Structure formats: structure tokens, C-alpha cells
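First up is the structure itself, then whatever we jot down about it.
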Number of protein chains: 2
Amino acid sequence: MNVSGSTASRALADDPRIGAATRLAVKAAAIEMNYVPNAAARSLRARRTRALGLLLPDLRDPVHGQVASAFEQEARAQGYGVMVVAGERDPGRERLALRIFAEHGTDGVAVVSGLLSPRELRDRVDPDRLVLVWPDHRSLPRRDGARTPGVIQTDDASGVRAAVEHLIANGCRRIAYVEGGVRASNTIRAETVASTLRAHGERFPMQTFPAPVDAWRDPGQLAARIAADLPEALVCYDDQLALGLMDALRQHGIRIPDDMQIVGFDGIPFAAIANPRLTTVAVPSAELGRAAATSLIRAIHDGALPEGVLLPVEVVVRQSTGSVAALADQP
Amino acid sequence: MNVSGSTASRALADDPRIGAATRLAVKAAAIEMNYVPNAAARSLRARRTRALGLLLPDLRDPVHGQVASAFEQEARAQGYGVMVVAGERDPGRERLALRIFAEHGTDGVAVVSGLLSPRELRDRVDPDRLVLVWPDHRSLPRRDGARTPGVIQTDDASGVRAAVEHLIANGCRRIAYVEGGVRASNTIRAETVASTLRAHGERFPMQTFPAPVDAWRDPGQLAARIAADLPEALVCYDDQLALGLMDALRQHGIRIPDDMQIVGFDGIPFAAIANPRLTTVAVPSAELGRAAATSLIRAIHDGALPEGVLLPVEVVVRQSTGSVAALADQP
DNA sequence: TTGTACGCGTTATCAT
DNA sequence: ATGATAACGCGTACAA
């Protein structure tokens with residue numbers, strides 16, 4: 001079996017001009033010598049790598065893990081590899097990530113919960129091969145349902161509004177918000193809690209407990225401040241914070257939902273099995289990751305950004321906002 | 001400013017033969033036109049991509065997320081990109097992953113909790129550029145402290161033994177084990193529980209509750225079987241399973257630790273804030289990921305595998321094994 | 001139907 | 001101190 005390079009190349013690519021016999025022989029030989037095409041050479045010629053870049057803050061937290069998982073799965077199903085870089089919520093690291101992607105020549109980039117301005121992003125990578133998931137820069141997130149091409153978001157405001165209305169229906173008046181850092185996503189949630197309260201006739205300004213982005217790791221001080229001036233209900237920036245606070249408040253003898261009700265955000269798996277089970281605004285993280293991959297791959301093929309996506313969220317009522325029904329809920 | 005390709009290449013590589021003036025000018029121009037070297041071309045010539053392949057079962061679970069995070073961080077610090085593929089605990093998918101890595105020409109591969117036999121792995125990728133983390137094939141995990149080159153493990157048996165001894169010290173006699181699938185890692189934990197009981201004079205065979213690998217998602221049936229024949233203490237395959245069971249057993253009115261004590265494995269963050277807080281055998285997942293990256297990169301540079309690593313684990317006693325001290329523990 | 005020759009961007013070698 | 005050239009492995013336009 002001796003054929004020229006081109007014949008081999010064509011046979012492996014199922015070029016119809018190659019005879020069936022030759023094709024089979026070549027393929028057999030390829031398997032025999034466990035040949036794998038060299039992606040570097042192929043990329044050099046084809047000007048594409050069939051690899052995508054995924055930039056996210058952290059692989060450890062449940063939400064981004066879920067997004068990354070779905071993104072990778074969808075990409076793999078469509079024949080793309082995924083290069084992952086954690087930006088660690090640091091603009092410098094995010095810039096480095098983009099550079100890594102550029103050097104490796106990824107065909108497209110998805111940025112999840114990114115801090116860099118859309119302006120700078122589009123300046124650093126081909127804007128027609130860039131999708132933004134949960135952009136966390138003040139210039140992008142929308143309270144309304146507006147969709148920007150290449151931007152994938154969830155309808156956080158609607159979810160938070162529904163959650164607050166659920167608390168109001170439960171008879172809560174003094175509803176406070178616990179911050180998670182000072183990013184745009186936090187601002188939207190805080191403002192939505194406040195505006196929903198106003199819309200329901202609450203006259204006093206909403207109470208806000210400030211907290212850094214990783215307060216859930218060590219919520220002791222925060223819990224003490226809350227315990228010292230206990231509201232009827234707490235809306236937390238996210239589930240991790242809510243779960244950390246539930247634990248810390250327990251030290252102060254505060255019973256949930258009896259003494260205070262509490263709502264999280266994200267819908268991470270542990271929220272469902274916490275004790276008490278945590279009411280939360282659940283976001284479809286897996287769909288988000290999948291949508292990001294499909295949008296990005298479509299953008300690569302079409303050379304232009306597909307329409308933006310706005311995914312719905314859902315309030316999942318559980319024991320922490322303690323209606324009798326919720327307390328009785330079965331697994 | 002007009003120089004030849006070679007000069008530009010050398011200037012950017014800080015080749016000492018290039019004059020300072022030229023070097024600066026070239027670098028300025030590179031930034032100006034935001035030039036990034038093409039990794040494909042570079043790889044083609046240099047025969048290395050400065051990319052690593054990371055194969056793990058799932059990006060969603062806290063333990064592997066942690067490992068992936070540390071691996072990526074360490075790799076990035078040493079100038080390597082990371083291509084991640086989830087094997088989804090399916091041998092076919094694992095093979096596909098290795099193929100993806102081969103095509104993209106990764107300089108080395110780390111396989112975490114892989115199911116494929118070491119034999120097959122070494123057959124499919126260059127064995128001198130392969131590290132195995134937590135190999136989960138029956139031919140590899142060791143009960144003793146033996147180290148195999150390129151293999152990174154934790155001393156699970158010691159941890160489980162210590163956990164069981166802790167339960168015995170608490171006065172528990174009827175200690176049962178809850179399985180997590182039928183993999184090698186499960187076998188080691190089960191056998192260690194049994195042998196520790198025997199070593200402490202327990203004469204009846206240890207009770208085992210069989211469960212599939214993802215029983216924690218829907219632990220209802222499993223919990224019913226356990227509640228029907230309640231042991232004094234439960235050692236669970238991992239924390240997720242233990243936490244899921246704690247929730248499900250609560251439905252049966254079982255109080256932990258009063259009616260039964262429970263121990264998990266892994267030391268995921270949520271174990272520390274569950275209610276009751278979960279006693280667990282904590283593994284150093286971040287160190288594991290970091291060790292994997294450093295070992296792999298060293299292997300790439302040396303062309304040979306570095307010595308294996310065996311990391312210690314630690315029993316973290318909390319409320320679920322309820323000594324009075326543990327119940328009083330502060331955050 | 002198959003083989004030949006060229007070019008993708010980079011760097012090592014050799015020449016100037 | 002710098003420039004010219006070849007080579008990495010693949011895919012394709014063109015020739016046979």
C-alpha cells in the first residue's frame with residue numbers, strides 16, 4: 001500500500017473522486033498505524049482550529065460549572081474542542097485569557113459573567129465570533145427584555161420580582177436585600193427588589209446589607225449584622241450566600257422560616273436538599289451553556305452574530321419561605 | 001519600520017543577537033497592530049502546542065470542578081492552555097476525548113477518575129506524557145501506600161479507617177456502608193469499612209446498601225430501605241450521597257445524629273454548612289489538580305514520568321457524628 | 001482516478 | 001546585527 005499524500009488526505013476526507021478500494025485501504029492503514037491528523041498543520045491551512053474558547057470566572061462554583069459542562073457537551077457534539085480559562089473575576093486575567101485564545105487561534109470565544117466592557121471585548125477578539133453570557137458590565141445587562149445580538153441572558157428581574165411578590169403574599173413587609181459584590185448583576189437584583197416593594201405600597205426604603213462577592217465563604221459578620229436587626233424576609237444575591245447565611249444565622253438561634261424567611265438565586269442543586277430547603281429563583285444554567293455553544297458555532301459558520309437569547313427564570317418555592325404546603329413538600 | 005520575518009521573530013523572542021533599538025521598535029509595532037503569534041504555525045515547527053488535555057467525568061460535581069480549577073490555574077501559570085473534555089463516566093466518551101486531544105496535539109494529557117484501563121490509556125496516548133489522577137479502574141487503586149509513576153492518588157483507605165474508628169469511639173456498633181456505583185474507588189471504601197470493623201472485633205458482616213453512582217439525585221428509595229432497617233451509623237461513598245440521604249431520611253422523621261450518625265467523603269464546601277453539618281473524609285482536591293498539572297508539565301519537559309504522588313486525607317468531625325463538642329462547634 | 005506542487009506562519013540554519 | 005531560505009504536515013488547484 002503506497003499512495004501519495006494527497007490521495008491519503010482525500011481518502012480520509014471521503015472525497016468522492018477516490019476509488020472505494022483505495023479509500024478503504026487507506027482508512028485501514030490509518031487505523032493500523034493509529035494515525036491522527038495534525039491539527040496544527042490543518043489549522044494553518046484551513047485557518048480554523050475547531051476549538052472554542054470559554055472564559056468564565058471560576059470552575060468551582062456550581063452555576064458556572066453547570067454552564068461549562070453544557071457548553072463543552074454541546075461543543076463536543078458539534079465537533080469542537082473547548083479551551084477553558086478562569087478569569088477569577090479579575091480584568092487582567094480576563095485579558096490574558098483572550099490572549100491565550102487568540103494565540104491558540106480558537107474559532108470563537110464565549111465570555112461568561114465577564115467584567116470587561118463589551119467595547120473592549122469586541123476590540124480584542126473578532127466581534128462576529130464572540131458571544132457574551134450574563135455580561136456583568138454595567139453597560140449591558142437589561143432590566144427589560146431587550147436582546148442584543150450575540151448576548152445570552154436570563155430574565156433575572158422578572159424572577160426577582162416574582163420572588164418578592166411571593167414573600168409579600170406570605171405576609172412579609174420588611175424585606176431586605178443582601179448584596180453579592182457590586183457588579184451589574186447585583187445592581188439589577190437590588191433595584192428590582194426595591195421597585196417591587198414600592199409597587200406594592202411599601203413606603204420605607206428597602207434595607208440593604210452590603211457584602212463582598214465571596215461573603216458566603218465567611219458569613220459570620222454579615223450574619224451578626226442581620227441578626228441584630230432582623231427583617232421579616234431576606235432576598236439574597238445568590239444561593240451560596242443564602243445557604244451560608246442560613247448556617248450562620250442558625251448559630252444566632254434564628255429559625256427559618258419561623259423567625260425570618262429567605263430566598264436565594266440560581267437554583268443550584270444543594271438548594272433543593274438544604275435544611276430547610278431553600279426557595280430560589282432558578283436559572284436554566286445548562287440551557288444557557290448549550291445556547292452559548294450553539295450561538296457561537298452558528299456565528300462561526302454564518303460569519304455574523306445570531307440574535308440574542310433571553311431565557312426565562314422560575315421561582316421554586318420551598319421550605320425557607322415556609323408556607324405550610326412547602327413545609328409538607330415531599331421529595 | 002521594515003524588517004524581515006526572521007528579525008521580527010527574533011526580536012519578539014528576545015534573541016540577544018538583535019539590537020536593542022530594533023527589538024523595541026518591533027515590539028512596539030507588534031502591539032500597535034495587535035499582533036499575536038499563530039500557535040498553529042508555531043506548533044507545526046516546534047512540535048508542541050503548549051496545550052494540555054484534561055479528561056474528567058463531569059464538570060458539574062464539586063470535587064471535579066475543584067480539581068479542574070486548580071489544574072487550569074497551575075497550567076496557566078506555567079504558560080499552558082487547557083482543553084477540557086467530560087467523559088461522562090462512559091468509556092466510549094473517554095476514548096473520544098483522547099482522540100480530540102490527539103488531534104489538537106496537546107502536549108500531555110491528565111485523566112481524572114478515568115474508567116479506561118491504564119493499559120488502554122497508555123496505548124492511546126504517549127505514556128510518558130500522561131498522568132492519572134484517581135484512576136478508577138480495578139487494576140490501579142492501591143490500599144497500601146504504593147506509588148506508581150505518573151499516578152496521583154489520595155490515601156482513601158486511611159481516611160475511611162479513621163472515620164470508622166471515630167464512629168466506633170462514638171459508641172456505634174452497627175455501622176453500614178452506602179455504595180456509590182461499582183467502581184474501584186467504591187470497592188476500596190467498602191472493604192476498608194468492613195476490615196476496620198473486623199479489626200475492632202465486630203463479628204457480623206458489615207451491612208451494605210447498594211446504590212448506583214448517581215443515587216444522590218433521587219435518594220428516595222434508598223432512604224426508605226435504610227429507614228426500614230436503621231443502623232447506628234452510615235458511611236457513605238461521598239458527600240453528595242450523604243447530603244441527599246440526610247434530606248431524604250428527614251422525610252422519614254429520622255434525626256441526625258440522634259437516631260443515626262452519618263459520614264461522607266470528599267469534603268465539598270457544602271458539607272460544612274449543611275444542617276446538621278456533615279462529618280466527612282476531606283480530600284485535598286485543589287492540591288490534587290495542582291499536582292496533576294505540575295507532574296504533567298514536568299513529564300513533558302523531562303520526557304519521562306515523575307514519581308507518583310499519594311496525598312493524605314483528613315477526617316473533619318462535625319455535627320452529623322454528633323459529639324457534644326461537635327454540636328457546639330462555632331463557625 | 002491519482003500524483004505534483006505550492007502555501008499557510010513560524011523558527012532554525014546558513015549566509016551576509 | 002540582520003536577511004534569505006527551508007521545513008514542519010496538511011489541503012487543494014492543477015496537471016496527468
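If you're wondering where the values come from, they're calculated on a predicted model, not measured in any experiment. Note that these values count all heavy atoms, side chains included, but never hydrogens, waters or copies made by symmetry.
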Discussion item. Using a distance-only criterion (donor-acceptor N/O pair, under 3.5 Å, no hydrogens), is the base of C:dG3 paired with the side chain of A:R10?
Written reply: yes

Worksheet entry | Residue pair A:V82 / A:R76, side-chain heavy-atom distance below 4.5 Å | no

Response to the item:
Among D:dG9, C:dT11, C:dG3, the one nearest any side-chain atom of A:S6 is C:dG3

Practice prompt. Provide, to the nearest angstrom, the distance between the CZ atom belonging to B:R23 and the C1' atom belonging to D:dT2.
Written response: 14 Å

Fill in: For DNA chain D, the residues among residues 96-103 of chain A that have a non-hydrogen atom under 4.0 Å from it
none

Response to the item:
Here the distance between atom P of D:dA1 and atom CG of B:L24, to the nearest Å, is 15 Å

Fill in: Among D:dT2, D:dC10, C:dT10, the nucleotide that comes nearest once only the side chain of B:Y35 is considered
C:dT10

Fill in: B:D15 CG to C:dT10 P, straight-line distance once rounded to whole Å
16 Å

Worksheet item: Given D:dG11, is OP1 or OP2 found less than 4.0 Å from the side-chain N or O atoms of A:R42?
Response: yes

Discussion item. With no hydrogens and no angle check, just 3.5 Å: does a side-chain donor-acceptor pair link B:S185 and B:D136?
Written reply: yes

Discussion item. Among A:D61, A:L59, A:V84, exactly one meets side chain to side chain contact (heavy atoms under 4.5 Å, CB included) together with B:S69. Which residue is that?
Written reply: A:L59

Item to complete: Grab the CG-P distance between A:L12 and D:dC10 for me, whole Å please.
Response: 9 Å

Practice prompt. Please figure out whether B:R47 or B:T7 has its closest DNA chain D nucleotide nearer the 5' end.
Written response: B:T7

Worksheet item: Under 4.0 Å: is that the gap between some side-chain N or O of A:S43 and OP1 or OP2 of D:dC10?
Response: no

Practice prompt. Consider the side chain of A:S9, meaning its heavy atoms from C-beta on, and name the nucleotide among C:dT2, D:dG3, D:dT12 that approaches it most closely.
Written response: D:dT12

Worksheet item: The side chain of A:L44 lies closest to which of these nucleotides: D:dC10, C:dG9, D:dC14?
Response: C:dG9

Worksheet item: Is the closest side-chain donor-acceptor distance between B:H104 and B:T106 under 3.5 Å?
Response: no

Discussion item. Contact between B:I297 and B:Y80 at the side-chain level, heavy atoms closer than 4.5 Å - yes or no?
Written reply: yes

Worksheet item: Given that A:A39 and B:I18 both sit by DNA chain D, which one's nearest nucleotide is further toward the 5' end?
Response: B:I18

Discussion item. Applying the side chain to side chain contact (heavy atoms under 4.5 Å, CB included) criterion to B:V112, which one of B:V63, B:L132, B:V133 satisfies it?
Written reply: B:V133

Worksheet, complete the sentence: Rounded to whole Å, CZ of A:R50 lies from C1' of D:dC10 at a distance of 16 Å

Fill in: Residue B:R45, side-chain atoms from C-beta onward, closest of D:dT2, C:dT11, C:dT2
C:dT11

Response to the item:
Atom CZ of A:R17 and atom C1' of D:dC14 are separated, to the nearest Å, by 10 Å

Worksheet item: Expressed in angstrom and rounded to an integer, what is the separation of B:N38 atom CG from D:dG9 atom C1'?
Response: 14 Å

Worksheet item: Should we say atom CZ of B:R298 is surrounded by more than 12 heavy atoms from elsewhere, each under 6.0 Å from it?
Response: no

